[in-house]
Q: 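Before anything else, here's the structure in question.
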Amino acid sequence: MSNWTKIAQLEDIPRLGSRVVKTDTMDIAVFRTGDDRVFALKDECPHKKGPLSQGIVHGHKVTCPMHNWNIDLEDGCATGPDEGCTNHFPAKVENGEVFLQLPL
Amino acid sequence: MKDKLVLIGNGMAGVRAIEELLKYDPDLYDITVIGEEPHPNYNRIMLSPVLAGEKKIEDIILNDLDWYEDNDITLVTGDRAVKIDRVRRCVETESGKTFDYDRLLIATGSKPFIIPVPGADLPGVIGFRDIADVDRMIDYARAHEHGSAVVIGGGLLGLEAANGLMKQGLDVTVVHIMDSLLERQLDATASAMLKQSLEERGMKFRMEAQTTEISGDGKVERVHFADGESIDTGLVVMAVGIRPNIELAQSAGLYCERGIVVSDTMQTYDPIIYSVGECVQHRGECYGLVAPLFEQAKVAANHLAQVGTSHYEGSITSTKLKVTGIDLFSAGDFHEQEGDDVLVMQDARLGIYKKLVVRDDIIKGAVLYGDTIDGTWYFSLMRDGTSIADFRQTILFGQHDLGDAGHGEAARVMSLPDDAEICGCNGVCKGDIVNAIIDKGLFTLDDVKAHTKAASSCGSCTGLVEEILASTVGEGYDAAPGVKPICACTDHSHDQVIAAIKEHELKSMDAVREFLEWKTPDGCATCRPALNYYLLANWPEEYHDDPQSRFINERAHGNIQKDGTYSVVPRMFGGLCTADQLRAIADVSDKYQVPEMKVTGGQRIDLFGVKKEDLPAMWKDLSEAGFVSGHAYGKAMRTVKTCAGKTWCRFGTQNSTGLGVKLEELTWGSWMPHKFKLAVSGCPRNCAEATIKDFGVVCVDSGYELHIGGNGGIKVRVTDLLCKVETEEEVLEYCGAFIQKYREEAHYLERTAPWVERVGLSSIKEAILDDEANRKALYERFKLSQKYAQIDPWKQRAEGGDAYEFTPLKIA
Ligand code: SRM
Ligand SMILES: Cc1cc2nc3c(=O)[nH]c(=O)nc-3n(C[C@H](O)[C@H](O)[C@H](O)COP(=O)(O)OP(=O)(O)OC[C@H]3O[C@@H](n4cnc5c(N)ncnc54)[C@H](O)[C@@H]3O)c2cc1C
Ligand code: SF4
Ligand code: FES
């Protein structure tokens, strides 16, 4: 299960931006933060399923484009006072390449 | 080891300072709080509604015991600090505990002043300050059904106490030494109206009465007055004023006058000892209301957190009486002096009285009775020193559409039932807002927005929410501060940021954040788009747009739809089109299987439901057919709406369509603080609705009337007439100059309507009409920026620009 899949070069993802990975079951948003870390969340806001990949990334958070909830990239949960979580997946950068642990 | 911070006084100001400090850095100090009362921090303001039976004690707790525990704060309740040893740096309490400190914060508040008449120490004589006082009053009322009570003092606190006791079933007499109630808050007329309506509710008054003695055998039985008369009663509430609690500080050798004297950084004469709240005297003033104390708390926290950037410069306060059913508001200096103008509106039948004291077109003071809905508006005009010259004739009627599309009477929010919908976007009712304010202890508009979502979408109900906030927490409500920061990432306001970018030639987002000491490394979704815009507007030739700082619509050059698809609106200059163009749109629509097409309110065609991946290819086809982006998604120039005009219409006076096309050719592509719409009507029948546009032209026989600052959206605003010109060239020049002034000076996300109201029509006229050189310079700057803006973003992307934005990643 813990297979890392290579999905892109780090520079394919804009800093403070994101790209979408389409899998058979869902879209996954892969974010790159200002400190060049990567995070992966199911591309669905816990509020009303807005596409988080289209939001504005700041710190380790993304602001949903639909109604401005702030979602923590580390655990996929809305930051207070909003409540709710979306799935998050392990992601890492090694030698400038981005890897994800995709759900089976 | 961490430094130790000790707070003496577990009350509203002190705990607020701790909350602010935790926001800066939760781990900087080991914090101990010493409080004399046996309760955690509660909302003292709400004691009045508790006494009136409208709230319970549990409802008004601001920080429960879990809060102290969660934040690792050691809380000592029911114990008094009795000594501060400044040499050994420790605080001793009555029960004999000692606490060492590296920094000390004194927030001991104040105590009620008890008039030193004989008998004032008898049981049954109390103040109105804390939960214990309220308990005593309620117990008395329960034990003496239909008994009587005397309240000494006809000020805010006295009247709230009297009202509460009356609600508890007692027969209440208010004794006041002056000839009118609330003489410090109200002028004579409003005061008389207030007295009358309290009398109608059954309150009794004894005016110009001096209390000489309280008598009784082991407890209160009678109150005596200087004229020889007396009243029988078993309860006397003294509400004649408060005295700052300074004894502890004084005994530690800290310099005190009326209060503990502090500097602009909230430091006492001993720099490691800070003080905030009612016990403090700052620049000669002691405050007795929550809003200024919270400002003090913020400043103290800023210094305790070793940020050291903010200063407290004193506050202007406003007043509201929290007696349900009585609306009263006052602020500033409302006793007119020579040279002041007084604006008054009075309707005795409706029980409405409004008075503004104005000097040189600036509001100095306000008294409102019966209709206080505009209190917060007048107050902010006063605080900001806004000139009222442009709307002086109507100011007393109020900001009648107070942030909503003419809900009129419904704006009287406090009389609405709890299930009345306040925020139409998010379906939030009045009751939800009131409950959140009380349960969560909210004091600011931002807090209410975050917790309830009210006023967080289109914002049209902001005024109503502010009114609910003000009425629920009284004047403790933290009205928009003088300089409102852009967002939580900075203490700087829009104006300060704009000025810094210009003056210090800051040309990148990093430069701005570094120079202005941003608190977050890369800003947030609020400040980043604003900074990106300001940089672009100021440095059109040099600044490179940052797509990651744009809201998705502008980044993807289409409107995101609720299902994640996009809409495409090609520009149709002046609303004109040809058969070929319509065919091209139809073909594109077929080719990409557009699910729905619609004629928009902006005289062009919207193609809905396009998949993001298809956008570049679709734009390529449109581009080849001669279309450019309509910017229907942007804080940008949107449309120029036109009417038939002279070419066809029997009433047309000028070629309105042709002029519309010229205006659109001049202005398309321009990024703006907010969306910007134009219209040209061929005659005063105004079929293009030019008088609700940001810039509207109404053609007349002798030339062109130019109108500015209109808005047809959330809050309809009719334009102001800027001037009349004679030629099309002049229309273009004035339009470009007006746009550029707006682009350079307005706050991000401020449309022309609120901008014109904020800066005043006169200042715009001065800059554009009276100063020809300035007008021409503005116009030139606009044209220069257009050189860089009129590159069609769709064509760029059709040719491969920002391809990553539109293509998903493939798994290798
Ligand atoms: C497409 C259109 C409705 C239509 O089918 O007619 C439209 C659609 C939207 N309008 Fe509008 N407005 C449209 C004409 C208008 C008009 C009429 C006009 O321009 O003559 C108004 C009132 C006039 C005015 O602005 O003064 C209008 C006042 C608003 C407002 C309120 C603005 C205000 O300052 O009060 C918003 C909200 C905002 O901008 O914050 C808004 C926002 C929106 C947004 C962008 C909502 C959003 O943020 O997602 C809508 C996008 C729908 C979508 O999913 O694609 N729309 N909107 C119209 C596009 C016109 C165009 O060709 O570009
Ligand atoms: C009934 C009532 C209604 C009010 N209504 C409004 C209103 O509508 N709007 C508004 O803005 N303001 C209102 N106020 C005023 C507002 O409550 C005060 O301005 C505010 O609470 C002052 O905050 P503070 O922290 O300075 O003092 P407090 O909140 O009084 O806190 C000081 C605390 O320190 C404790 N303390 C004092 N000495 C010691 C010691 N030596 N050791 C340990 N603890 C000590 C006290 O017991 C107290 O708990 C009202 C006040 C009252 C009483
Ligand atoms: S198109 Fe405009 S009026 Fe219609 S729902 Fe969207 S924002 Fe509201
Ligand atoms: S869908 Fe994300 S905030 Fe509403």
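The model shown is predicted, which means the values in this text are computed figures rather than measured ones. Chain letters run A, B, ... following the sequence lines, proteins first and then strands; every chain starts at 1.
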Q: Could you please state which residues from residues 43-53 of chain A sit under 4.5 angstrom from chain B, measuring non-hydrogen atom to non-hydrogen atom, sorted by number, or 'none'?
A: A:P51, A:S53

Q: List the residues meeting side chain to side chain donor-acceptor pair (under 3.5 Å) with A:H88, not counting sequence neighbours, and say none if there are none.
A: none

Q: How close do A:I56 and B:P529 get, heavy atom to heavy atom, and via which atoms?
A: CD1-CG, 3.9 Å

Q: Between B:R550 and chain A, which part of the residue has a heavy atom less than 4.5 Å away: side chain, backbone, both or neither?
A: backbone

Q: Could you have a look at A:D12, A:I13, A:V57 and say which one has the most heavy-atom pairs with chain B under 4.5 angstrom?
A: A:V57

Q: Heavy-atom count around A:K92 NZ within 6.0 Å, excluding the residue itself: above 12?
A: yes

Q: Under a 4.5 Å cutoff for heavy-atom pairs, which residue among A:P81, A:G59, A:S18 has the most contacts with chain B?
A: A:P81

Q: Can you confirm whether more than 12 heavy atoms, excluding those of B:E69, are under 6.0 Å from its CD atom?
A: no

Q: Can you name the nearest heavy-atom pair linking B:L809 to A:A8, along with the distance?
A: CD2-CB, 3.8 Å

Q: Quick test of your reading: applying salt bridge (charged side-chain N to carboxylate O under 4.0 Å, His left out), list the pairs with at least one residue in residues 435-446 of chain B, sequence neighbours left out, ordered by first then second residue.
A: none

Q: Do you know which two heavy atoms are closest between B:Y566 and A:Q54, and how far apart they sit?
A: OH-OE1, 2.6 Å

Q: Measure distances from B:P547 to the heavy atoms of chain A and classify the residue's part below 4.5 Å as side chain, backbone, both or neither.
A: neither

Q: Does B:E517 CD have over 12 foreign heavy atoms under 6.0 Å away?
A: no

Q: How far apart are the C-alpha atoms of B:R528 and A:L16, what are their side-chain angles, what is the distance that settles it, and do they pass the side chain to side chain contact (heavy atoms under 4.5 Å, CB included) test?
A: CA-CA 11 Å; B:R528 279 235 305 280; A:L16 296 176; 3.8 Å; yes

Q: Evaluate the criterion side chain to side chain contact (heavy atoms under 4.5 Å, CB included) for residue pair B:Q548 and A:H58; output intermediate values, then yes/no.
A: CA-CA 10 Å; B:Q548 303 311 329; A:H58 48 96; over 6 Å; no

Q: Write out, in numerical order, the residues from residues 61-77 of chain A with a heavy atom short of 4.5 Å from a heavy atom in chain B.
A: A:T63, A:P65, A:M66, A:W69

Q: When heavy-atom pairs shorter than 4.5 Å are enumerated against chain A, which of B:N553, B:I560, B:T520 gives the highest number?
A: B:I560

Q: Counting only heavy atoms closer than 4.5 Å, note whether B:Q561 contacts chain A via side chain, backbone, both or neither.
A: backbone

Q: Side chain, backbone, both or neither: which part of B:T526 has an atom under 4.5 Å from a heavy atom of chain A?
A: neither

